[in-house]
4 protein chains.
Amino acid sequence: MARNQSAGRPVPAPDATRRSERSRRAIYDAALALVAEVGYPKTTIEGIAARAGVGKQTIYRWWSSKADVLLEAFLDLSEQAAETARRAQADDRPAYGIPDTGDLAADLKAVLRATVDELRDPAFEAPSRALAAEGVVNEELGRAFVARLLEPQLQLYADRLRAAQEAGDVRADVDPRIALELFVSPLAQRWLQYTAPISHEYTDTLVDYALHGITPR
Amino acid sequence: MARNQSAGRPVPAPDATRRSERSRRAIYDAALALVAEVGYPKTTIEGIAARAGVGKQTIYRWWSSKADVLLEAFLDLSEQAAETARRAQADDRPAYGIPDTGDLAADLKAVLRATVDELRDPAFEAPSRALAAEGVVNEELGRAFVARLLEPQLQLYADRLRAAQEAGDVRADVDPRIALELFVSPLAQRWLQYTAPISHEYTDTLVDYALHGITPR
Amino acid sequence: MARNQSAGRPVPAPDATRRSERSRRAIYDAALALVAEVGYPKTTIEGIAARAGVGKQTIYRWWSSKADVLLEAFLDLSEQAAETARRAQADDRPAYGIPDTGDLAADLKAVLRATVDELRDPAFEAPSRALAAEGVVNEELGRAFVARLLEPQLQLYADRLRAAQEAGDVRADVDPRIALELFVSPLAQRWLQYTAPISHEYTDTLVDYALHGITPR
Amino acid sequence: MARNQSAGRPVPAPDATRRSERSRRAIYDAALALVAEVGYPKTTIEGIAARAGVGKQTIYRWWSSKADVLLEAFLDLSEQAAETARRAQADDRPAYGIPDTGDLAADLKAVLRATVDELRDPAFEAPSRALAAEGVVNEELGRAFVARLLEPQLQLYADRLRAAQEAGDVRADVDPRIALELFVSPLAQRWLQYTAPISHEYTDTLVDYALHGITPR
DNA sequence: AGATAAACGAGACGGTACGTCTAGTCTTCAC
DNA sequence: GTGAAGACTAGACGTACCGTCTCGTTTATCT
């Protein structure tokens, strides 16, 4: 992502130590605000630069594309949110990840309900939807999006499922990385593709189906 | 979809009876070819018109956007493919839909394996990926994409599951429309978002997990 | 003007006897009205056709260009005006042309004053200015404009000057066709090119200078 | 001329100090060449931009219309020609304007003969004819054309006539600005409107008629 | 009176150019 | 010597007309 250095002429890499933190922040803010306000397709680099009070070159110097700017802006936003959340928690509690109360179904349902709520938060919806869309069509960005944003999230589910396996609540022969998709992917698809509305009841049902299957026991 | 008639001056709707079938076909072909060759973002209306040997206005007269052209082109392609498939089948066999051999798991696995193959067919991949991406970010198109392409496919799974319910192979309290997502959505997400590779083994596993759950029985 | 029949395939010449007089009149009216309202450059053949309630082909069938339509429309207008003027005159008076009272200077001044007034009539100004402009840049139309509209007018001056020569009021060695330009062309240039305002005093002065020269006698 | 700033949103005026002289020259050259080669109506802004190797926006940034480009291009050409002529002259001779040998008729005839030759020079004919035509129909451009190109030329005649008045060769009560039209306007009209051919003999005759009148002395 | 054929209103078609917008590069000036 | 400002080349956007080409629908003679 960072900087395109594959091309012919070895562009002298900008000196990152002298980079203006002020501009970086302003660009993130402008990019997120514009995506939220006018949508991703109508968000332009010129627009971001103008809103951030920054020259276009300052954007092209540090990012390779509109999608790249937005990806980093969103990553930054997520980190800030995570940081805030972490700080807000009581100090000695498990810092991050999916809770493990011993009740797998309840834990998954709780987290998925929270995810549903988050997906409906407009501040998150516009940029993450934009990034997801761009990632569908732009494989490089798609992989970056998955690696830096999605996979870390999914890993938390995998960890929880592995813990459940150790507790005997999930069969040992089950691959947690696949199993988690049984409830995560349906939610993702409904949200991304508007195939159907999402709700707490829906995600609860997904967890039940995924844990116990749909055949008679 | 149809025609923009929301704006101020009521543009007289073009006379569809005089529409050039030749141009329509040429536009579909050009649009699909360009999306496959240079990708959706670099496919332009000017490019489609030039390649189709058609005036730009002929495109703007009948479609409202590049996405709209591609959606119809892809629908047309699908219909043609379905038509071909239908014709290729023996006359008395069940014409369309998911086979029902009595073995639900085997039937689902077979269809999903075929889907995996289709998703890897470049002729289908480029346009459907492009449409899916556009649909993520453009709700109107997204809903049209789902309603006209995706949902009819999903309905076939729902039908098969309902038959399985009647045969006692699926619990009666299960909602087929949700249940199908347990194996369809994971595949869709891996394909769309590059979260992980897809394979026949993978979809087989999904069916097994979905049918029997991941908890010990 | 008439009809382009130089090209390869011998387009069957339209049958003028079956031509719709109604359409012809409507086209003339629409053309003149549009030129007066929106100016010549913004007058389009589509616009004329729409306003005249006529198919575009009906225009292309009978005229070769926008300029051609306007030229004929203006000729028609001029003929009608001349006809009206002729009818309005007493029956036995000299029907047409420049009066000959025996006083050359007075006669020329009177006619030029009338011309100044006519040039200021908006109904004449827009189309004649448009035709003159087009004629400057389009030699074929320019020559047609001169031959059919301008030269007949100038001929009247030449006739009056010749009569004056016979009466001994103009030197015998003077070429009337050139002499008339001494007062006609300055007026034409001021009007066409906005080089200076026109007035009755101005044309009176032109006649005086032209008749007696500008050197001391 | 300058820049359109009448519209709603106040488009930020471009910074003239940073203007590319290279582009400006290339645009002038391309515009003049195209007008000479294919004529004014078939000269397009796109064509000028392409030929000049320039983006369309660079033309729209600095000029408001095709006519405006051509006017400035032609002014530039005239200035260059005048500059060249000035440099070519012997240093102590009267730098510019109409010669004053004491023989008014001869001086005027000489200058008009030179003008006839210039009007026949294709390099000047196409653009000046195009500008004149556009000026007939577009008052704003017409006035600019007159003010910046025509009137300065005419002023030279007025100056020479005033000198002749002081020398007693022209009557004191004659208005030089009007008198000059007696020989300038006829030539202009013949050239512009193709009313008749132009020649050295013709302009000589015009001078004779204008100086001495057409009546017997 | 009916047949026949051309002119007609309408408007879709392949095109060209318009004037605007944005991409991404390059240059200038201020801090 | 970085970074804002913005002019530059390039080219797609969506619109407006061009001139050509069908369509059916009048008209208007010619059987």
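Throughout, a chain's letter reflects where its sequence line sits, starting with A, and its residues are numbered from 1.
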Colleague: Under a 4.0 Å heavy-atom cut-off, which of residues 25-51 of chain A touch DNA chain E?
Modeller: A:Thr44, A:Ile45, A:Glu46

Colleague: Please state how far atom CD1 in C:Ile59 lies from atom P in E:dA10, giving the value in whole angstrom units.
Modeller: 12 Å

Colleague: So, under a plain 3.5 Å distance rule, would you say the side chain of D:Gln57 forms a donor-acceptor pair with the base of F:dC8?
Modeller: no

Colleague: If I take atom CH2 in residue B:Trp63 and atom P in nucleotide F:dC13, what distance separates them, rounded to the nearest angstrom?
Modeller: 15 Å

Colleague: Start with the C-alpha distance between C:Asp76 and C:Arg25, add both sets of side-chain angles, then the distance that settles side-chain contact (heavy atoms from CB on, under 4.5 Å), and finish with yes or no.
Modeller: CA-CA 9 Å; C:Asp76 179 81; C:Arg25 294 239 54 84; 2.8 Å; yes

Colleague: Using 0.5 Å steps for rounding, measure from the CG atom of D:Leu34 to the CD1 atom of D:Ile45.
Modeller: 12.0 Å

Colleague: Check A:Leu141 against A:Gly135 and note the closest heavy-atom contact, atom names and distance.
Modeller: CD2-N, 3.7 Å

Colleague: Quick check: does any side chain N or O of A:Lys66 sit under 3.5 Å from a backbone N or O of A:Thr43, one acting as donor and the other as acceptor?
Modeller: yes

Colleague: How close do A:Ile48 and A:Ala31 get, counting heavy atoms only, and between which atoms?
Modeller: CD1-CB, 4.0 Å

Colleague: Round to the nearest Å and state the distance from D:Arg24 atom CZ to F:dT9 atom P.
Modeller: 14 Å

Colleague: Rounded to the nearest Å, what distance is computed from the CZ atom of residue D:Arg61 to the P atom of nucleotide E:dT20?
Modeller: 12 Å

Colleague: Establish, yes or no, whether the cationic atom of B:Arg19 lies under 6.0 Å from the six-membered ring centre of B:Trp62 and within 45° of the ring axis.
Modeller: yes

Colleague: For a quick check, tell me whether the side chain of C:Lys56 and the base of E:dG11 share a donor-acceptor pair closer than 3.5 Å.
Modeller: no

Colleague: Tell me: CZ of B:Arg22 to P of E:dG14, nearest whole Å?
Modeller: 8 Å

Colleague: Among F:dG14, E:dG9, F:dT9, which nucleotide has an atom closest to any side-chain atom of B:Tyr60?
Modeller: F:dG14

Colleague: With the criterion being N/O to N/O and under 3.5 Å, what pairs connect the protein with nucleotides 23-31 of chain F, and how long is each?
Modeller:
residue	atom	partner	partner atom	Å
F:dT27	O2	C:Arg18	NH2	3.3

Colleague: Looking at E:dC8, F:dA4, F:dG3, which one has an atom nearest to any side-chain atom of A:Ser23?
Modeller: F:dA4

Colleague: Would you tell me if any nitrogen or oxygen in the side chain of A:Trp62 comes within less than 4.0 Å of OP1 or OP2 on F:dT2?
Modeller: no

Colleague: Examine E:dG14: is either OP1 or OP2 under 4.0 Å from a nitrogen or oxygen in the side chain of B:Thr58? Give yes or no.
Modeller: yes

Colleague: Using the rule given for side-chain contact (heavy atoms from CB on, under 4.5 Å), can you reason through A:Trp63 versus A:Ile27, listing the C-alpha separation, both sets of side-chain angles and the distance that settles it, and then say yes or no?
Modeller: CA-CA 11 Å; A:Trp63 293 277; A:Ile27 289 166; 3.7 Å; yes

Colleague: Looking at B:Arg22, I want to see if its CZ is surrounded by more than 12 non-hydrogen atoms of other residues, nucleotides or ligands under 6.0 Å.
Modeller: no

Colleague: By nearest nucleotide on DNA chain E, pick out whichever of B:Glu21 and C:Gly53 is the more 5' one.
Modeller: C:Gly53

Colleague: Using heavy-atom distances to pick each residue's nearest nucleotide on DNA chain F, tell me which of C:Lys66 and D:Ala16 is more 5'.
Modeller: D:Ala16

Colleague: What heavy-atom pair brings A:Ser128 and A:Phe74 nearest, and what distance separates the two atoms?
Modeller: CB-CZ, 3.6 Å

